[in-house]
2 protein chains.
Amino acid sequence: MDYKQMEQSLKAVSDETRMLILKYLSKEALCICEFTELLDMTQPAISQHMRKLKQAGLICEEKRGRWTIWSLNREHALFAVLTSLLTMLPEPKRTVESLIAEGKKVNCS
Amino acid sequence: MDYKQMEQSLKAVSDETRMLILKYLSKEALCICEFTELLDMTQPAISQHMRKLKQAGLICEEKRGRWTIWSLNREHALFAVLTSLLTMLPEPKRTVESLIAEGKKVNCS
DNA sequence: TGCATACATAAGTAAACACTTATATAATGA
DNA sequence: TCATTATATAAGTGTTTACTTATGTATGCA
């Protein structure tokens, strides 16, 4: 892996919001609208973070009907490193379980 | 480790110049003036990169006479991760050996 | 067919970033 | 003591970043 690639990948990871997104994705695939609830951010803001993560090759998208389902790219050269970083981070306050409890979980699978 | 700390550490790493600095430091402690030769950058530019790495806790400084000798902080929570990242990067073209050959290596130890 | 939903993209903006040049500080040595 | 060396810091500048609001696009459903 060359320096430019490594820089792009690490820059994509080194943002609090995107680290949260990756932390959620390390457990299950999710779509944008769920992240707007989990992170309390606007939809364009989330979309732009996703674009950045995708450009770095860290996540994969799968279009399914109206939804775009995002997941971690397990083939990425930094996947193992990323995983060990994510395990060092605490669980987010807002959980997918709380989304389900509020009936806000989308069944996009 | 919390999200803010992780963000600061990763942001400090995710820059091509600083990755090169860390790559060199993974082999031996060096001072600023050696980096200006190795990286062909101005002294203030290097100093500012060092400050950023130090604020993130990734490197240690040791004043010795006129020189400030910088080394990796092996106690940092991300030291192991950092090491595995650095081993993925190619050797820089300019080497400390070439500095020695040119008589530009400072004996600050 | 027409409207709502899920998402992407564009343009604008404030803040952070990586440099530059200029200058300050502190140690060494003639 | 005075010049040199090694480094830090300050101020200025162009670029990147992370948001905002507005709008475009595509899918699904009544």
Side-chain angles (χ1 to χ4, degrees), chain A residues 3-4 7-22 25 29-56 58-71 99 103-109, chain B residues 3-4 6-22 24-25 29-56 58-71 99 103-109:
Chain A
Y3 286 80
K4 273 291 164 207
E7 181 182 288
Q8 189 193 16
S9 298
L10 292 181
K11 272 193 173 144
V13 177
S14 56
D15 174 87
E16 189 169 1
T17 302
R18 287 192 293 270
M19 292 192 316
L20 271 166
I21 290 172
L22 294 167
L25 290 184
L30 291 165
C31 58
I32 305 274
C33 59
E34 288 166 332
F35 280 116
T36 63
E37 291 287 341
L38 289 168
L39 303 174
D40 193 29
M41 290 183 72
T42 63
Q43 172 266 315
I46 302 285
S47 269
Q48 285 159 25
H49 283 302
M50 291 312 198
R51 184 167 51 186
K52 193 144 220 171
L53 289 168
K54 193 200 168 191
Q55 280 170 348
L58 291 163
I59 58 173
C60 308
E61 65 181 328
E62 189 197 339
K63 303 263 181 191
R64 202 173 297 178
R66 290 186 270 191
W67 296 285
T68 306
I69 298 145
W70 297 89
S71 57
L99 274 196
K104 285 178 176 169
K105 178 77 172 69
V106 175
N107 187 11
C108 43
S109 57
Chain B
Y3 286 80
K4 273 291 164 208
M6 179 82 82
E7 181 182 287
Q8 190 194 16
S9 299
L10 293 181
K11 272 195 172 140
V13 177
S14 57
D15 173 87
E16 189 170 1
T17 302
R18 288 193 293 269
M19 292 192 314
L20 270 167
I21 289 173
L22 294 167
Y24 283 116
L25 291 184
L30 292 166
C31 58
I32 306 276
C33 59
E34 289 166 331
F35 281 116
T36 63
E37 290 287 340
L38 289 168
L39 304 174
D40 194 27
M41 290 183 72
T42 63
Q43 171 266 315
I46 303 285
S47 270
Q48 285 160 26
H49 282 302
M50 291 312 198
R51 183 167 53 187
K52 193 143 222 173
L53 289 168
K54 192 198 169 191
Q55 280 169 348
L58 292 164
I59 58 174
C60 309
E61 64 182 328
E62 188 198 339
K63 302 263 181 192
R64 200 172 300 176
R66 291 187 268 193
W67 296 285
T68 306
I69 297 146
W70 297 90
S71 57
L99 275 196
K104 286 178 176 167
K105 177 77 172 71
V106 175
N107 188 12
C108 44
S109 58

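In what follows, every chain begins at residue 1, and chains take the letters A, B, ... in the order their sequences are listed. Note that the coordinates shown come from a computational prediction; the quantities given were computed from them, not determined experimentally.
Here the P atom of nucleotide D/dT15 and the CG atom of B/Asp15 are 17 Å apart, to the nearest Å. Rounding to whole angstrom units, CD of residue A/Glu61 and C1' of C/dA8 are separated by 10 Å. In this structure, the CG atom of B/Leu10 is 14 Å from the P atom of C/dC17, given to the nearest Å. Following rounding to the nearest Å, B/Glu34 (CD) and D/dT5 (P) show an atom-to-atom distance of 16 Å. Residue A/Gln43 contributes atom CD, which lies 10 Å from atom C1' of C/dT9 at whole-angstrom precision. Rounded to whole Å, atom C1' of D/dA18 lies 13 Å from atom CG of A/Leu53. One can place CD1 of A/Ile46 at 16 Å from P of C/dT9, the figure rounded to the nearest angstrom. Summarising the geometry, the separation between CD1 on B/Ile32 and P on C/dA26 is reported as 17 Å, rounded to the nearest angstrom.
Residue A/Lys11 places no side-chain N or O under 4.0 Å from the OP1 or OP2 atom of D/dT16. Proximity of A/Lys63 to the phosphate of D/dA26: no side-chain N or O atom is located under 4.0 Å from OP1 or OP2. Look at A/Arg51 and you'll find a side-chain N or O under 4.0 angstrom from OP1 or OP2 of C/dT9. Taking only side-chain nitrogens and oxygens, A/Arg66 never comes nearer than 4.0 Å to OP1 or OP2 of D/dC29. In terms of phosphate contacts, A/Ser47 brings no side-chain nitrogen or oxygen within less than 4.0 Å of OP1 or OP2 of C/dC7.
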Does the side-chain contact (heavy atoms from CB on, under 4.5 Å) test come out yes or no for B/Met50 and B/Glu61, once each step is laid out? CA-CA 9 Å; B/Met50 291 312 198; B/Glu61 64 182 328; over 6 Å; no

Test side-chain contact (heavy atoms from CB on, under 4.5 Å) on A/Trp70 and A/Leu53; report intermediate values, then the result. CA-CA 10 Å; A/Trp70 297 89; A/Leu53 289 168; over 6 Å; no

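With distances taken from any side-chain atom of B/Pro44 to the nucleotides C/dT21, D/dA18, C/dA10, the minimum falls on C/dT21.
A/Thr68 comes within 4.0 angstrom of sugar-phosphate atoms only, judged by non-hydrogen atoms across all strands, and of no base. Residue B/Met41 is classed as a sugar-phosphate contact, given heavy-atom separations below 4.0 Å to backbone atoms only.
In this structure, B/Val13 and B/Met19 have side chains that are in contact, with non-hydrogen atoms separated by less than 4.5 Å. Within the 4.5 Å cutoff, the side chain of A/Leu25 has heavy atoms near those of the A/Phe35 side chain. Taking the side chain as every heavy atom from C-beta outward, B/Ile21 and B/Ile59 never approach each other to under 4.5 Å.
With hydrogens and angles ignored, no donor-acceptor pair closer than 3.5 Å exists between the side chain of B/Gln48 and the base of D/dA8.
In terms of position along DNA chain D, the nucleotide closest to B/Trp70 lies nearer the 5' end than the nucleotide closest to the other residue of the pair A/Ser14 and B/Trp70.
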